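Report on the following structure.
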Amino acid sequence: MAPPLDLAHALQVACRAASAAAEAALRHFHPGIKVEFKGEKSPVTVADREAEQAILSIIRAEFPQHGLLCEESGCHGAGAESRWIIDPIDGTRGFIRGGLFWGPLVALEHEGDIVVGAMTIPTLGESYWAARGMGCYRNGEKLQVSACSEWSQATLSMGELDRLLVQPWDQGVLRLVRTAQSTRCYGDLGGVAMVLAGRADAWIEAGVQAWDLAPHKILVEEAGGRFTDFTGLPTVASGNAVATNGVLHAHVLEEL
Ligand code: IPD
């Protein structure tokens, strides 16, 4: 039988892994990096691969019995009761173009629930982490979502528009955009970070994978907010996500 999960230790490992990935990626953060394509629209670089290796070597040394789901190297140890979900660089396209909003995402799923999450935005010097029941932090400062309760006063943070403005939710997305106080597309992990810090009140994203969303669920929940898919299920597996301050969640789901 596997030993009980030590959440504080898992959180410390997640933070260490995210920070090692950030360092590996920064070594390649310069113009002219060679870009390959995994599919028509999905670029990958040596930075993605080295950042993933940096994460894997830390996690494997600490938790050799855990499963892994990784953006670049796939799935290992399927069926384990604990599984790490890893995106070595969320926002690879921004990274390639010298943008600000990119960074590693590391999450631990235990018995089907995301219980630990860490993400880093190296260009801003910001590291976020959370574990079930332990709160959400940015560089050691405890975070709390906003208290905004009126959609007409809300700031909506959005992901990739060409995936959000498709049926069946395009009309709902447009209604949310037209009735919010403001709408901003910060991009990739930067979009959800705005909600964690109370700088935006809701974030929506679609057309993504579990590794693009995994740590966000626990980060948002521990900052006092709510995270679901577009139908209201608390999962990172549907390919779409709504993260809000909690108060506005029902309204966003209703419109979608
Ligand atoms: C991408 C980001 C982006 C989303 C893309 C993803 P990646 O992740 O999450 O916000 O719109 O669909 O592929 O590939 O840079 O890790």
Side-chain angles (χ1 to χ4, degrees), residues 41 87 90-91 93-94 97 99-103 105 107 114 117 119 121 123-124 126 128 130 136 138 141 143-256:
K41 275 191 164 182
D87 185 347
D90 183 50
R93 279 171 288 169
R97 301 198 63 177
L100 292 181
F101 296 127
W102 57 268
L105 304 178
I114 307 287
M119 76 174 182
I121 309 180
T123 54
L124 305 184
E126 292 186 349
Y128 296 77
C136 174
R138 179 187 57 210
E141 176 197 351
L143 296 178
Q144 177 67 41
V145 292
S146 77
C148 176
S149 60
E150 293 295 327
W151 189 252
S152 58
Q153 300 301 309
T155 292
L156 171 64
S157 171
M158 296 172 76
E160 190 76 44
L161 288 184
D162 72 343
R163 315 244 177 97
L164 285 165
L165 294 177
V166 295
Q167 285 181 357
W169 46 69
D170 51 342
Q171 293 310 310
V173 170
L174 287 172
R175 273 196 302 277
L176 288 168
V177 167
R178 289 186 178 124
T179 53
Q181 188 183 68
S182 69
T183 301
R184 295 286 182 268
C185 294
Y186 298 99
D188 306 305
L189 74 182
V192 74
M194 296 296 157
V195 175
L196 300 176
R199 295 166 177 158
D201 312 294
W203 174 71
I204 54 175
E205 175 68 285
V208 289
Q209 305 291 330
W211 51 72
D212 297 310
L213 299 173
H216 303 339
K217 182 169 184 294
I218 184 78
L219 288 165
V220 169
E221 289 171 349
E222 287 297 318
R226 190 172 161 204
F227 181 105
T228 68
D229 68 8
F230 282 8
T231 70
L233 287 175
T235 175
V236 299
S238 305
N240 52 61
V242 179
T244 71
N245 65 358
V247 191
L248 296 169
H249 209 88
H251 177 75
V252 175
L253 289 180
E254 210 172 289
E255 293 294 6
L256 290 172

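Everything numeric in this text was worked out from a predicted model, so none of it was measured. The first residue in the sequence is number 1, and the count goes up from there.
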Check whether any side-chain N or O of [X] sits under 3.5 Å from a backbone N or O of [Y] as a donor-acceptor pair, and report yes or no.
| X | Y | value |
| --- | --- | --- |
| S157 | G191 | yes |
| E160 | E205 | no |
| W211 | L105 | no |
| T235 | A237 | yes |

**Item:** Identified side chain to side chain donor-acceptor pair (under 3.5 Å) partner of T244 from the options H251, R226, H249
**Value:**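 Only match with T244 under side chain to side chain donor-acceptor pair (under 3.5 Å): H249.
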**Request:** Only one of V195, V173, V177, T179 passes side-chain contact (heavy atoms from CB on, under 4.5 Å) with L156; say which it is.
**Result:**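 Single pass found, and it is V177.
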**Item:** Smallest separation among heavy atoms of D201 and Q153, with atom names
**Value:**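 Scanning both residues completely, I find the closest heavy atoms to be OD2-O, 4.2 Å.
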**Closest heavy-atom pair and its distance - A154, L248** =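 Closest approach of A154 to L248: CB-CD1, 3.9 Å.
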**Message:** Return the CG to CG distance between L196 and L143, rounded to the nearest 0.5 Å.
**Reply:**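 Result: 6.5 Å between the selected atoms.
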**Prompt:** Among all residues two or more places apart in sequence or in another chain, which pass the salt bridge (charged side-chain N to carboxylate O under 4.0 Å, His left out) test with E255?
**Reply:**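 If we apply the salt bridge (charged side-chain N to carboxylate O under 4.0 Å, His left out) test to E255, skipping adjacent residues, the hits are R175.
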**Request:** Count the heavy atoms belonging to other residues, nucleotides or ligands that lie under 6.0 Å from CD of Q181, then report whether that count exceeds 12.
**Result:**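 Correct, the count exceeds 12.
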**Prompt:** Aromatic rings H216 and W203: how do their planes relate, parallel, tilted or perpendicular, breaks at 30° and 60°?
**Reply:**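 If you compare the ring of H216 with that of W203, the planes turn out perpendicular.
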**Request:** Check whether the side chains of T231 and D229 place a donor and an acceptor atom closer than 3.5 Å, and report yes or no.
**Result:**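 Side-chain D/A pair, T231 to D229: present.
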